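Have a look at the structure below before the remarks.
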There are 2 protein chains.
Amino acid sequence: MSHATSSKSLPGNKAPGPGRPRNFDEAAALQTAMCVFWQKGFEATSLDDLTAAMGLSRSSFYGAFGDKQTLFLRAVEHYSKNAIRTLKEIAEATDGDAVEAMMEAISDPHGGSRGCLLVNCITELAPHDTRVAELGRRHLESIEEIFAKALDPQDPGAVRDRARAYTSLAIGTLALRKAGIPADRIADTLKQAKTVLSP
Amino acid sequence: MSHATSSKSLPGNKAPGPGRPRNFDEAAALQTAMCVFWQKGFEATSLDDLTAAMGLSRSSFYGAFGDKQTLFLRAVEHYSKNAIRTLKEIAEATDGDAVEAMMEAISDPHGGSRGCLLVNCITELAPHDTRVAELGRRHLESIEEIFAKALDPQDPGAVRDRARAYTSLAIGTLALRKAGIPADRIADTLKQAKTVLSP
DNA sequence: CTGATTATGGATCATTCAGTCCATATTCAG
DNA sequence: CTGAATATGGACTGAATGATCCATAATCAG
């Protein structure tokens, strides 16, 4: 068979050991899988969906990622770490109102309607999968912590409840948006809530 | 075959026309289906799950409800009407703080972890099914309206944003609860948010 | 009773699903 | 070069899926 296999190794793959080297970028494939799960959810995503999007044969898929469930957990964990890191950066980089910037980033009223992958997972799977519930809980608690530090850098512990209220509010807007409530109304809601929730 | 079929008609079935009468209560079957969808979501619920829970053969199922999708929409609509009616009753019956009572009823921090069926549907299906999105939007707007009337019976239109903030907050707590955040923390959050959000 | 009409049970169907297998290809160590 | 080790393509598998079909049962109108 012809093949034009790339002569050398691939972008981000570690130094090859003995056997034949990977013909794909594992990190990129994981990222792609994450997007598919994000758009369709776990149950509605088939292996064909995944392998097609990732550009892998089934052999490569199972060889590299184990199975659908395992890949899913990796993808979700990857998403969570990324999202939390980004949110921290936003909270720290803002010279103005960090809370406002965070609310905007989470609810993202002008973005698509995929929502937050972790929230999607919690809703779909957490009641029946303790590992997902655990990942979800940690994710939400991380967000809460960032809010708390933004609200009171000196004593974050004193504003836990308020931080959790902001978290809940931001998460709630994701459902509104998915249901088709116009972005400007959601933005107004956040503005309103922000001014009213200020101490 | 023996059979012991109930000699007469069934509980809530309308007067029989020509053919053989239904051997089950359609309303009860719908209610049961609703519970199954509520617990497992749409994709994860199989026809065997449904027929087993409803106590129907496939013939009866398809004869009475069309198909899985159609039944699902009926079940969701049924849930929504019920939930909105109940919420209205709670808001009107409370002599104390109606908003607080509504928040408690929606977030239900001491209930199970199935959340709100409509929110589950929105998260799982709304981005890919406009009918679900429409049902979800109407549901959320109904909640918002009840909040608005509770906040200011004279001029509900003037407090739309605040009503939507309460809605979002209540919906958000459902995710927290599903993720395993302790009920008492959620209750504290609501109390805190309520006092702070008061005008 | 007879015939029309509707419901029921259960077999059946084509499709899709997640996951396996094997022959072949590509690399490294020696 | 030889052989061990790993990756790849793609056919294949058994189970589960949503949905249909048909023979039979139960009812009503006449």
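Residue numbers begin at 1 in each chain, while the letters A, B, ... track the order of the sequences. Model, not experiment: these values are computed from the prediction.
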For this session: Assess whether one donor atom and one acceptor atom, taken from the side chain of A:R20 and the base of C:dA25, lie less than 3.5 Å apart.
Result: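 Yes.
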Exercise. With the threshold set at 4.0 Å, does a side-chain nitrogen-carboxylate oxygen contact exist between A:R185 and A:D188?
Worked result: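 Answer for the salt bridge query: no.
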Problem set entry | Salt-bridge contact A:E145-A:K149 (side-chain N to carboxylate O under 4.0 Å) |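 Looking at A:K149 together with A:E145, the answer is yes, because their closest N to O distance falls below 4.0 Å.
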Exercise. OP1 or OP2 of C:dT8 sitting under 4.0 Å from any side-chain N/O of B:S57?
Worked result: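 No, because none of the side-chain N or O atoms of B:S57 sits under 4.0 Å from OP1 or OP2 of C:dT8.
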For this session: Output yes when at least one side-chain N/O atom of A:S60 is less than 4.0 Å from OP1 or OP2 of D:dA7, else no.
Result: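 So the side-chain polar atoms of A:S60 never come under 4.0 Å of the phosphate oxygens OP1 or OP2 of D:dA7.
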For this session: Measure from NZ or CZ of B:K68 to the centre of the six-membered ring of B:F42, then state whether that distance is under 6.0 Å and the direction lies within 45° of the axis.
Result: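 Positive - B:K68 is close enough to the ring of B:F42 and near enough to its axis.
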Exercise. How are the rings of A:F24 and A:F65 set to each other: parallel, tilted or perpendicular (split at 30° and 60°)?
Worked result: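 Because their plane-to-plane angle lies in the 30° to 60° range, the rings of A:F24 and A:F65 count as tilted.
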Exercise. Which of parallel (below 30°), tilted (30 to 60°) and perpendicular (above 60°) describes B:W38 and B:Y79?
Worked result: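 Correct class here is perpendicular.
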Exercise. Ignoring hydrogens and geometry, is there a side-chain-to-backbone donor-acceptor pair from B:E134 to A:G180 under 3.5 Å?
Worked result: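 No; judged by distance alone, with no hydrogens or angles, the pair does not exist.
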Problem set entry | B:R22, nearest nucleotide to its side chain (from D:dT8, D:dT27, C:dA7) |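 When the side chain of B:R22 is considered, C:dA7 is the closest of D:dT8, D:dT27, C:dA7.
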Exercise. When the distance from CZ of B:F65 to P of D:dA19 is rounded to whole Å, what number comes out?
Worked result: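 Whole-Å distance recorded here is 14 Å.
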Seminar exercise, completed: Scoring nucleotides 17-23 of chain C by protein non-hydrogen atoms under 4.0 Å (B base, S sugar-phosphate only, - none) yields SBBBB--
